[in-house]
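Accompanying notes for the structure given below.
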2 protein chains.
Amino acid sequence: MGKDLIHENLAKQVKNKMLSDDLLFDIAEVFKIFGDSTRIKIIYALKLSELCVSDLAFITNTSDSAISHQLRILKQAKLVKSRKEGKVVYYSLKDEHVIKLFEIGREHAYEL
Amino acid sequence: MGKDLIHENLAKQVKNKMLSDDLLFDIAEVFKIFGDSTRIKIIYALKLSELCVSDLAFITNTSDSAISHQLRILKQAKLVKSRKEGKVVYYSLKDEHVIKLFEIGREHAYEL
DNA sequence: TAAATATATGAACAATTATTCAGATAAGAG
DNA sequence: CTCTTATCTGAATAATTGTTCATATATTTA
């Protein structure tokens, strides 16, 4: 006896309306970037001001190296951008989208 | 020689304006829940309809057990709610907040 | 050119986590 | 009561990931 679906029609309809696995994967990837304390701290700090690596390390009580690693991830995810001035690299948020996403997560966190 | 801050005043000002570590941690936790393919699929499916465990397993091509584990996480995070009817447990999204968060993540994913 | 500084990087390690598997509950059907 | 079905659960495994440490690169300054 094969396994029967409890709500066959409904389940098949929903399955047909699902977004592509690729897109759902990408959406999860975006959230994954926000889902780390250090990166969230960096994002919030950059929401307040453009900052360099050592500023961010000081602000978040983390090592320069850890910050640098996380900034690379944030940059690859196109959430932050950077500009170099001499030895110093200044980072800032890429666009308003990032702030919007942060704020909605913040609202939800308040509700818990 | 102690390590000097490159932008002492700015960095200290930003540090003073930072949200509490606890709140930033909670915000990251919310995003972490969304940051998994299986959970994102569940959330999107539940956006389309109230569904039971085996429906979700069929729709997402995952085992009942894996779905059940993830639903527990989603419920603890207050992103989904459930009601029981006989042997079957029906799950649905907790509120519009969840949809809003999903949609903004989706917008960002499109831009990549 | 040599020393100092800001940032970046690769490897190793520890911690977290998603899935699987076996089995436990709970509820309806025969 | 027994069998089947839907869901849940705990332990084990495998994979991912964040930090640290040592070192490399790049730029300024002495």
Side-chain angles (χ1 to χ4, degrees), chain A residues 1-8 10-11 21 24-25 28-43 46 50-77 80-92, chain B residues 1-8 10-11 21 24-25 28-29 31-43 50-77 80-92:
Chain A
M1 203 115 330
K3 185 175 188 304
D4 283 327
L5 269 172
I6 302 180
H7 315 94
E8 182 161 354
L10 175 60
D21 274 19
L24 289 164
F25 181 85
E29 287 301 301
V30 171
F31 286 115
K32 201 173 284 183
I33 303 291
F34 282 78
D36 173 81
S37 290
T38 304
R39 285 193 293 266
I40 275 289
K41 286 179 190 172
I42 292 173
I43 288 168
L46 294 181
E50 177 187 66
L51 294 162
C52 73
V53 175
S54 58
D55 293 336
L56 286 165
F58 167 74
I59 292 163
T60 64
N61 303 308
T62 319
S63 69
D64 289 353
S65 179
I67 293 293
S68 185
H69 278 297
Q70 297 302 347
L71 283 169
R72 181 170 40 77
I73 292 170
L74 287 165
K75 209 177 167 187
Q76 280 173 351
V80 309
K81 59 184 193 295
S82 66
R83 68 185 177 83
K84 196 169 185 179
E85 201 172 283
K87 277 181 293 195
V88 180
V89 180
Y90 292 92
Y91 286 88
S92 55
Chain B
M1 204 108 337
K3 185 175 186 311
D4 284 327
L5 269 170
I6 301 180
H7 313 95
E8 183 160 354
L10 176 60
D21 276 18
L24 289 164
F25 181 86
E29 287 301 302
F31 286 115
K32 202 174 285 185
I33 303 291
F34 282 79
D36 173 81
S37 290
T38 304
R39 286 194 293 267
I40 275 289
K41 286 179 190 173
I42 291 173
I43 289 168
E50 178 186 64
L51 294 161
C52 73
V53 175
S54 59
D55 293 337
L56 285 165
F58 167 74
I59 292 163
T60 63
N61 302 309
T62 319
S63 70
D64 289 353
S65 180
I67 292 294
S68 185
H69 278 296
Q70 297 302 347
L71 282 169
R72 182 169 40 77
I73 292 170
L74 287 165
K75 210 177 167 188
Q76 281 173 349
V80 310
K81 59 184 194 294
S82 66
R83 68 185 177 84
K84 196 169 186 178
E85 202 171 283
K87 276 181 294 195
V88 180
V89 180
Y90 292 93
Y91 287 88
S92 55

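Below, read A as the first sequence line, B as the second, and so on, with proteins coming before strands; counting in each chain starts at 1.
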Starting at atom [atom1] of [X], determine the distance to atom [atom2] of [N], rounded to an integer number of angstrom.
{"X": "A:L5", "N": "D:dT5", "atom1": "CG", "atom2": "C1'", "value": "14 Å"}
{"X": "B:I33", "N": "C:dT16", "atom1": "CD1", "atom2": "P", "value": "15 Å"}
{"X": "B:L56", "N": "C:dT19", "atom1": "CG", "atom2": "C1'", "value": "17 Å"}
{"X": "A:R72", "N": "C:dT9", "atom1": "CZ", "atom2": "P", "value": "6 Å"}
{"X": "A:K75", "N": "C:dT9", "atom1": "NZ", "atom2": "C1'", "value": "14 Å"}
{"X": "B:D64", "N": "C:dT20", "atom1": "CG", "atom2": "P", "value": "11 Å"}
{"X": "A:E8", "N": "D:dT5", "atom1": "CD", "atom2": "P", "value": "16 Å"}
{"X": "B:I6", "N": "D:dT28", "atom1": "CD1", "atom2": "P", "value": "13 Å"}

Pairwise distance [atom1]([X]) to [atom2]([Y]) - rounded to 0.5 angstrom:
{"X": "B:L5", "Y": "A:I59", "atom1": "CG", "atom2": "CD1", "result": "8.5 Å"}
{"X": "B:K84", "Y": "B:Y91", "atom1": "NZ", "atom2": "OH", "result": "9.5 Å"}
{"X": "A:L10", "Y": "B:C52", "atom1": "CG", "atom2": "SG", "result": "8.5 Å"}
{"X": "A:D36", "Y": "B:L24", "atom1": "CG", "atom2": "CG", "result": "11.5 Å"}
{"X": "A:L56", "Y": "A:I42", "atom1": "CG", "atom2": "CD1", "result": "6.0 Å"}

Which part of the nucleic acid, if any, lies within reach of A:Y90 when heavy atoms closer than 4.0 Å are counted: base, sugar-phosphate only, or nothing?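 Since no nucleic acid heavy atom lies under 4.0 Å of A:Y90, the category is nothing.
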Tell me which donor-acceptor pairs under 3.5 Å the side chains of residues 66-73 of chain A have, and how far apart each pair is, sequence neighbours excluded?
unit_1 : atom_1 : unit_2 : atom_2 : d
A:H69  : ND1    : A:R72  : NH2    : 3.0
A:Q70  : OE1    : A:R39  : NH1    : 2.8

Quick tally for nucleotides 16-25 of chain D: nucleotides whose base has a protein heavy atom under 4.0 Å get B, sugar-phosphate-only ones S, the rest -, giving -SSSBBB---
Per-nt protein contacts along nucleotides 25-30 of chain C (heavy atom under 4.0 Å; B base, S backbone sugar-phosphate only, - none) come out as -SBS--
Residues forming a side chain to side chain contact (heavy atoms under 4.5 Å, CB included) with B:K81, sequence neighbours excluded: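 Side chain to side chain contact (heavy atoms under 4.5 Å, CB included) check on B:K81 returns B:S92, B:K94.
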Counterpart residues, ring pair (Phe, Tyr, Trp, His ring centres under 6.0 Å), relative to B:H7 (two or more places apart):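 B:H7 satisfies ring pair (Phe, Tyr, Trp, His ring centres under 6.0 Å) with A:Y90 once adjacent residues are dropped.
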Just jot down the ring pair (Phe, Tyr, Trp, His ring centres under 6.0 Å) partners of A:F58, sequence neighbours excluded, or say none.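 A:F58 satisfies ring pair (Phe, Tyr, Trp, His ring centres under 6.0 Å) with no other residue.
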Under-4.0 Å side-chain N/O to phosphate OP1/OP2 contact, A:Y91 with C:dA8: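 Looking at the OP1 and OP2 atoms of C:dA8, one of them is under 4.0 Å from a side-chain N or O of A:Y91.
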